[in-house]
Amino acid sequence: MNIKQLLVDKTKAAFVKVGLPDSTNTGVTQSTKVEFGDYQINGAMAAAKLLKTNPRALAEQLLGALDLTDIASKVEIAGPGFINVTLKPEFIAAQLTQAAASPRLGVSENTAPQTVVVDYSAPNLAKEMHVGHLRSTIIGDAVVRALEFWGDKVIRQNHMGDWGTQFGMLIAHLEDKLAQGVDLESVALADLEDFYREAKKRFDDEAGFADKSRDYVVKLQSGDAHCQKLWQLFIDTSVKHSEEVYRKLNVTLGHEHIKPESAYNDMLAPIVDELKAKGIAVEDQGALVVFLHELADKEGNPSPFIIQKTGGGFLYATTDLAACQYRSHELAVDRIVIFTDARQALHFKQVELVARKAGLLREQTSYEHAPFGTMMGEDGKPFKTRTGGTVKLAELLDEAVSRALETVKAKSSDLTDDEIAEVARKVGIGAVKFADLSKNRTSDYIFSWDSMLSFEGATAPYLQYAYTRVRSILRRAGVDDSFQAPMQLLESQEKQLGLKVLQFEETLQQVMKDAQPNLLCNYLYELSGLFMGFYEACPILKDGIEPSVRDSRLMQSILVSKLLAKGLDLLGIDVMEKM
RNA sequence: GCACCCGUAGCUCAGCUGGAUAGAGCACUGCCCUCCGGAGGCAGGGGUCAGAGGUUCGAAUCCUCUCGGGUGCGCCA
């Protein structure tokens, strides 16, 4: 059930009745304050401005044309022309009853499913995954889960960096190691980070090594069998490492979703030729460049976008263009969403412009870069280890779990050691993910163990705790999820909670549209808060509660528990029966 | 130099297509355990929404400028 959409439709009908065009913005939103009812219609004031009439008078007219019988118990005009709508408790109760019986928790059917490529995680296989990969991985995964729950067809693409310049360096170093008789698995690739550092040091310091590295890149990219074999060993090991991290993180990315840079290799030369033939790209200082006048500065200097290096090498720009063609034409998707660092914003703007010019992106394919900010340490500078190194993601997650273990041990009484370990895993990983997902995607955020693991306020453990509390009531009542009873909303807390339950779909839509899981985090936190209030004010199993009231409240509790579990699941966070 | 992002309570952050008296959490102060799980609830103090103009019935939100912070800008990804 999408109440907002229902009100938008009703309001639109009323607008048309009073002679306004169908396209008029209705301005329907959830009310900002309880005194203003449940929803407010703000469109009358803007419409009055266009018509140059009195907003209050227009609101009166609209009120006459607006048919909210069976939906609203009160519709009134306030201030300069707000229309405040208070919903009938019976209407909310009826919708809740439907939601309780629905496997989609009341979310309406997706009548126009889209096909969407979601490009996320994309670690560089030359190195171990570090904290910089966390955001792309979990934000992308949350959006993917939301889209799939809604019913869109999602094609996950893990655009792994396996083809860049550093690989020449790594292969050269690996070859030397092997020549020294070093065992591949146990030494050379045991720690990707160390290996990369050694190779980089040689690249910077050792005479001749840099040239050798560059030769290896060319050999690799031109299909030299020996190079490819070494490269493959490297890739396999690195992929295995990434997949371990995905398992730890509870992320849905699997082997089948890997679509690395090298996959586009054969498409690069033809695309470059085509751009050149069409005159979109021109030679400049030895390189092949597209000059973008759309992104010119004040003096009219166009923004340059290099698609082929001097000497013929391709760049990530070329690969991204190829990805456009593959996704928009071969996969024929409606939408492409790419989760990367905000620093690449200009790059993706350029890619889209060039791809559109060249027809690599069909008009009907939307191309969306979903940027995110940097994770900072508590000093406000990019998050590093004490010694200034990058923080490995696997180690960060292990620390989260071990920190959670301490707290869970201290707070839990009737759990076995195994159960405690399991709860700690879910709480620790959940805490890291929620702390990140709950922040606005586009801004930088400060990573703090203390605030995410204090388990108070807007944190994963708070939500997990709310869930266990509901489940505890249901256990005690001896009801399961199939329990059915008529709903009645007596107390204001019951109505507020019920309304929030029904607003899940509105939140879900916004999360998918803007690729912003933080809205779902906010929603779940508000839902939990309202449940806690309901729980305090509306006794369920206490003596003297009418059976019909108790049953209705049990229904409400079941819905909340399902919603919490589903909502957290969409964020990739597990719940547990006890903690 | 040019472009993009950001500046909201002591701290961390919300604030949706412009809406009514700018909201949470942490920290601080004071209440609530004859309880259905206190990892909780209730109440309170705390703000020049960086600053200045502008657009209008109405601006944290849109436009311009200034200050402050970050990032990017021809052969890395």
Side-chain angles (χ1 to χ4, degrees), chain A residues 25-33 35-36 40 42-43 45-46 48-49 54-56 78-82 84 122 124 126 161 163-166 261 284-289 295-299 301 303-311 313 315-317 319-320 340-347 349-350 371 373-374 378 380 407-408 410-412 427 435 438-440 442-446 448 450-451 454-459 461-462 464-466 468-473 476-477 506 510 513-514 516 518-519 521-522 525-526 529 532-533 535-537 539-542 545 557 578-579:
Chain A
N25 189 351
T26 57
V28 173
T29 68
Q30 293 174 18
S31 291
T32 50
K33 286 185 169 24
E35 316 81 279
F36 303 152
Q40 53 189 73
N42 299 335
M45 293 173 285
K49 192 192 289 192
N54 181 310
R56 185 116 190 162
F82 297 100
N84 293 337
N124 180 348
W163 209 233
T165 320
Q166 322 93 312
E261 290 177 344
D284 191 84
Q285 297 172 38
L288 210 54
V289 185
L295 298 175
D297 63 21
K298 277 179 186 166
E299 277 94 57
N301 301 311
S303 167
F305 184 68
I306 299 181
I307 59 168
Q308 189 173 29
K309 297 194 272 191
T310 303
L315 305 98
Y316 80 130
T319 307
D320 282 331
T340 76
D341 202 279
R343 285 176 296 195
Q344 296 187 44
L346 175 62
H347 166 73
K349 206 178 277 179
Q350 292 174 322
T374 309
E378 296 197 55
T407 313
V408 176
K411 304 239 182 195
S412 299
V427 166
S438 60
K439 263 63 168 196
N440 185 314
T442 52
S443 45
D444 294 344
Y445 85 99
I446 297 191
S448 160
D450 288 341
S451 60
S454 72
F455 302 167
E456 284 168 9
T459 61
Y462 173 88
Q464 289 165 323
Y465 172 71
T468 61
R469 223 168 157 178
V470 194
R471 296 300 295 174
S472 168
I473 293 165
R476 191 174 277 262
E506 292 170 34
Q510 199 72 24
K513 179 171 161 284
D514 300 335
Q516 298 223 336
N518 68 307
L519 301 171
C521 294
N522 293 346
Y525 182 66
E526 285 166 6
M532 293 292 186
Y535 176 85
E536 302 271 338
I540 304 168
L541 303 178
K542 286 189 180 173
I545 301 300
S557 302
K578 296 178 181 177
M579 65 189 286

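Letters go in sequence order (proteins before strands), and every chain restarts at 1. Predicted, not measured: the structure shown is a model, and the values here were computed from it.
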How is A:E261 classified with respect to the nucleic acid when contacts are heavy atoms under 4.0 Å: base, sugar-phosphate, or nothing? sugar-phosphate

Mind checking A:I306 for me? I need base, sugar-phosphate or nothing, with any heavy atom below 4.0 Å counting as a touch. base

A:N301 side chain near B:C73 phosphate (N/O to OP1/OP2, under 4.0 Å): no

Rounded to the Å, how far apart are A:F36 CZ and B:G23 P? 10 Å

Give the nucleotide from the list B:U17, B:G37, B:U12 with an atom nearest to the side chain of A:T29. B:U17

When the C1' atoms of B:G1 and B:C63 are compared, how many Å lie between them, rounded to an integer? 24 Å

What integer distance in Å separates A:Y535:OH from B:G41:C1'? 11 Å

Among B:C57, B:G37, B:A39, the one nearest any side-chain atom of A:E456 is B:A39

Across the strands shown, which category fits A:N522 at heavy-atom distances under 4.0 angstrom: base, sugar-phosphate, nothing? sugar-phosphate

Pair A:D514-A:Q510, side-chain donor/acceptor within less than 3.5 Å: yes

Which whole-number value in Å describes the distance from A:E526 CD to B:A24 P? 10 Å

Indicate, with a heavy-atom threshold strictly under 4.0 Å, whether A:A287 touches base, sugar-phosphate, or nothing. base

Kindly indicate whether the side chain of A:D284, heavy atoms from C-beta on, has any atom under 4.5 Å from the side chain of A:I306. no

Out of B:C4, B:G23, B:G72, minimum distance to the side chain of A:L346 belongs to B:G72

Remember a base hit wins even if backbone is also touched, and classify A:A477 as base, sugar-phosphate or nothing at under 4.0 Å, heavy atoms. nothing

Ignoring the backbone of A:Y316, work out which of B:A77, B:U17, B:G40 is nearest its side chain. B:A77

Would you mind telling me which of B:A77, B:G74, B:G19 lies closest to the side-chain atoms of A:D284? B:G74

Heavy atoms only, 4.0 Å cut-off, all strands: where does A:K542 land among base, sugar-phosphate and nothing? base

What's the closest nucleotide to the side chain of A:L541 if the choices are B:G37, B:C36, B:G19? B:C36

Parallel, tilted or perpendicular: which fits the ring planes of A:F305 and A:H347, with parallel below 30° and perpendicular above 60°? tilted

Side chains of A:T310 and A:Q285, donor plus acceptor under 3.5 Å: no

In whole Å, I'd like the distance from the CZ atom of A:F82 to the P atom of B:G18. 13 Å

Quick one: A:K513 NZ to B:U17 P, roughly how many Å, whole number? 8 Å

Is there a side-chain contact between A:R471 and the phosphate of B:G37, meaning an N or O under 4.0 Å from OP1 or OP2? no

In whole angstrom, give me the gap between the P atoms of B:A27 and B:C5. 36 Å

Classify the nucleic acid contact of A:I540 as base, sugar-phosphate or nothing, counting any heavy atom under 4.0 Å across all strands shown. base

Between A:T442 and A:N440, do the side chains contain a donor N or O and an acceptor N or O under 3.5 Å apart? yes

Please give the distance between the P atoms of B:U64 and B:U55 as a whole number of Å. 15 Å

In whole angstroms, how far is the P atom of B:U8 from the CG atom of A:D444? 13 Å

Does A:S443 put a side-chain nitrogen or oxygen below 4.0 Å from OP1 or OP2 of B:A14? yes

When you get a sec, tell me which of B:C13, B:G41, B:A39 is the closest nucleotide to the side chain of A:M579? B:A39

Nearest to the A:N518 side chain among B:A39, B:G15, B:C76, which nucleotide is it? B:G15

Length of the line joining A:K439:NZ and B:U12:P, which is rounded to integer Å: 11 Å

Can you check whether A:K33 has a side-chain N or O nearer than 4.0 Å to OP1 or OP2 of B:G23? yes

For RNA chain B, which consecutive runs of 3 or more Watson-Crick or G-U pairs (each distance under 3.5 Å) count as stems? B:1-7 with B:67-73, B:10-13 with B:23-26, B:28-32 with B:40-44, B:50-54 with B:62-66

Distance check needed: B:C76 P versus A:I307 CD1, whole Å only. 15 Å

Go through A:Y525 and A:Y462 one step at a time and tell me if the ring pair (Phe, Tyr, Trp, His ring centres under 6.0 Å) criterion holds. CA-CA 8 Å; A:Y525 182 66; A:Y462 173 88; 5.2 Å; yes

Under 4.0 Å, heavy atoms only, any strand: does A:T374 hit a base, just the sugar-phosphate, or nothing? nothing

Answer with base, sugar-phosphate or nothing: what part of the nucleic acid does A:N84 contact at a heavy-atom distance below 4.0 Å? base

Check every strand shown and say whether A:S31 touches a base, only sugar-phosphate, or nothing at a heavy-atom separation below 4.0 Å. nothing

What nucleotide, of B:C13, B:G41, B:C2, holds the atom closest to the side chain of A:D297? B:C2

For B:C13 and A:Y525 - does any side-chain N or O of the residue sit under 4.0 Å from the phosphate oxygens OP1/OP2? no

Can you confirm whether the side chains of A:Q30 and A:E506 place a donor and an acceptor under 3.5 Å from each other? yes

